[in-house]
Amino acid sequence: TSLFTLDIRALSIMRILLGVICLVDLVFFSYSLINSIIPLEVVIKDFFTQNYRSIYTISDNMIVYGVLIAVHTALTISYTLGYKTKYTAPLFWFFTCSIQWANPLFTNAGSDVARLLIWWSIFLPINKIYSIDSGWKKAKTQEYRVSNIATLGIGVQILSIYFFAFFLKTGVEWRNEFSAVYYSLHRSYISSEVGTWLSQYFTLTQGLTIFTLALELLGPILYLIFKPRGKIIIALLFILLHVGFLITMRLWSFPFYCLAGCIILLPTHFRNYIQKKSTSLHKTNLSERFWFTQTFVNIALVAIILYSMMRNIRGIDYAQREKFFPNEINKYGYFLRLDQNRWIFAPDISHYNGWHQINGLYKNKNEIVNLSSLDQKVYEWKPTLRQIHSILPTEAWVKFVEYYVTFNDPKGKYSNYFVQYLCHQWNNNHESQEAIKAIQMMYHYESITLPKENLSKEPSTIQEKYLGTRNCKN
């Protein structure tokens, strides 16, 4: 476990960052529940299995939601401040899993990282410094470093995010053309203004693609091999990767959670260099934090590490490895929410850039209004990047509307719920003469071409997919 000797100052910073980011996520998830964007009974029917458990599904009563959200908020704040962490950390993890279960259409890859980090933080000394539990005092010199099964577990899990993601990126955009970053930055919904500007430099985007692949494959291996100074370089490269995501893309909470995890990869030497301090190894007895014996906890955590690793290995080539790790075992992972999704930007990248146009039909006048445009004008041309971002303001909305409403809703069920939500929001915030009676949705898209293809092909034309017109019920 000395491979993953962590600094308690870094663990405390991770705790604070996790709490703040989860609090922001809680606001959005609570908004989704309270506004019933997707009815609770539909979520349970379409997405729940016998292994799913969520305290948020006991009732869709607003008072019950209010109480649960208040308790969840209090736990999040207590966790962030490091108050009664021995008790609040497990409860915080349970409530975080619960609200994610109740919002499966709006979760993202960051949700998986959040569960992973909070779970392992239960078994780590995250409150020894920068916390109410510690009285906000500085830790003793000999307590700066900690090494145990839990530090091994969280270290392996964080590095696995990158290592196994490499093997899932099998598309030609990743392995042959090195055009994955180029295509990603041409997708207006997820690209920022900086990313859109960067996308015009194809050679540079190729270099960034190669850098991403090399870091995902070699970074975890080198981190295990290198001594502390080398580990600092690898950890800073991982941090740089996610800072790049933040600057060039709109990926909601994913890069923030990853940054919180990468911070603990920085060894004690990094902070000692900054603070000019010396430290010695301190092993935390897990039984100090629990009512179990240390042996029992260690055995359980080792089993969880092995389970997660086997599940990741199976994901690389499911057909070949399913017999060694059958689906029947998945239920244990679902119960503890150890399931993880590594398919972000994998196996390939879409070659299309699309955006939605959502028009409202007025009740009292023969006109239409663009509900998704900043200036509410009905446009017949490609909108600006800022206008496209205003259509679906976060990556969570992009996932829901693009994946479920646009491409995976043959019966129009999710489209109808989305339309009713939009009708309710518009009519409640406008005067009666501005009320709408129906909503028309269209999806516009265009091909993304490589620079060499632009020389030999006609300019890409914008195409349209009609998603239907639905009446408002309210």
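Because only heavy atoms are used, hydrogens play no part in the values below, and waters and symmetry mates are left out as well, while side chains stay in. Remember, it's a predicted structure, so these values are computed and weren't measured experimentally.
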Ring pair (Phe, Tyr, Trp, His ring centres under 6.0 Å) between F29 and F106, worked out: CA-CA 8 Å; F29 287 142; F106 293 96; 7.9 Å; no
Over 12 non-hydrogen atoms of neighbours within 6.0 angstrom of CD in Q433: yes
Close side-chain approach of R15 to L124, heavy-atom, < 4.5 Å: no
Closest heavy-atom pair and its distance - T80, G19: OG1-CA, 3.0 Å
Minimum heavy-atom distance G261-I264, with the two atoms named: O-CG1, 3.0 Å
Y201 and W197 aromatic ring geometry - parallel, tilted or perpendicular at 30°/60° bounds: perpendicular
Polar contact flag, side-chain donor to acceptor under 3.5 angstrom, H444-Q357: yes
Derivation of the ring pair (Phe, Tyr, Trp, His ring centres under 6.0 Å) call for W119 and F123: CA-CA 8 Å; W119 165 260; F123 307 96; 5.3 Å; yes
Flag for Y466-T469: side-chain donor and acceptor within less than 3.5 Å: yes
Parallel, tilted or perpendicular: rings of W397 and F418 (30°, 60°): tilted
Student check: side-chain heavy atoms of W174 and D348 closer than 4.5 Å: no
pair L241-F245: side-chain heavy atoms closer than 4.5 Å: yes
Close aromatic pair by centroid cut-off 6.0 Å: Y87 and W93: no
Side-chain donor or acceptor of S30 paired with backbone N/O of V27 under 3.5 Å: no
N416 side chain to G412 backbone, donor-acceptor under 3.5 Å: no
P90 versus I122, closest heavy-atom pair with distance: CA-CD1, 3.8 Å
Neighbour count >12 (heavy atoms, 6.0 Å) for atom CZ, F256: no
Side chains of Y403 and D409, donor plus acceptor under 3.5 Å: no
Flag if over 12 foreign heavy atoms under 6.0 Å of CD, E464: yes
Over 12 non-hydrogen atoms of neighbours within 6.0 angstrom of CZ in F94: yes
Pairwise distance CG(L105) to OH(Y404) - rounded to 0.5 angstrom: 4.5 Å
Row check, F166 ring normal vs R175 NZ/CZ: under 6.0 Å, within 45°: yes
Distance-only side-chain donor-acceptor flag, Y56 / H72, under 3.5 Å: yes
Centroid-centroid under 6.0 Å between F238 and Y223 rings: no
Minimal non-hydrogen separation, M14 against S121, with atom names: CE-CB, 4.0 Å
Rounded distance [0.5 Å steps], OG in S447 versus CD1 in I462: 11.0 Å
Within 6.0 Å of CG in L306, more than 12 heavy atoms from elsewhere: yes
Note: E216-K169 ion pair, threshold 4.0 Å (strictly below): yes
Ring geometry between Y352 and Y445 (parallel below 30°, tilted from 30 to 60°, perpendicular above 60°): perpendicular
Enclosure of K84 NZ (heavy-atom neighbours >12, cutoff 6.0 Å): no
Pair F163 + F167: ring centers closer than 6.0 Å: yes
H351 and Y183 aromatic ring geometry - parallel, tilted or perpendicular at 30°/60° bounds: parallel
Point-to-point distance, once rounded to the nearest 0.5 Å, from CG of N353 to CD1 of I190: 9.5 Å
Option from T205, T196, V181, L198 for which side-chain contact (heavy atoms from CB on, under 4.5 Å) with T248 holds: L198
Check: W355 ring centroid to Y443 ring centroid under 6.0 Å: no
Option from N408, D46, I37, V401 for which side-chain contact (heavy atoms from CB on, under 4.5 Å) with Y414 holds: D46
Trace of the salt bridge (Lys or Arg N to Asp or Glu O under 4.0 Å) decision for E193 with R250: CA-CA 10 Å; E193 292 185 4; R250 302 165 68 236; over 6 Å; no
Between NE2 on residue H242 and SG on residue C262, distance to nearest 0.5 Å: 4.5 Å
L392 CG to T394 OG1 distance, which is reported to the nearest 0.5 Å: 8.0 Å
Shortest non-hydrogen contact from S432 toward N364: O-ND2, 3.3 Å
Carboxylate-amine/guanidinium contact E434 K365, below 4.0 Å: yes
Atom of Y162, atom of C258 and distance for their closest heavy-atom approach: OH-CB, 4.1 Å
T209 side, atom OG1; L204 side, atom CG - distance, nearest 0.5 Å: 9.5 Å
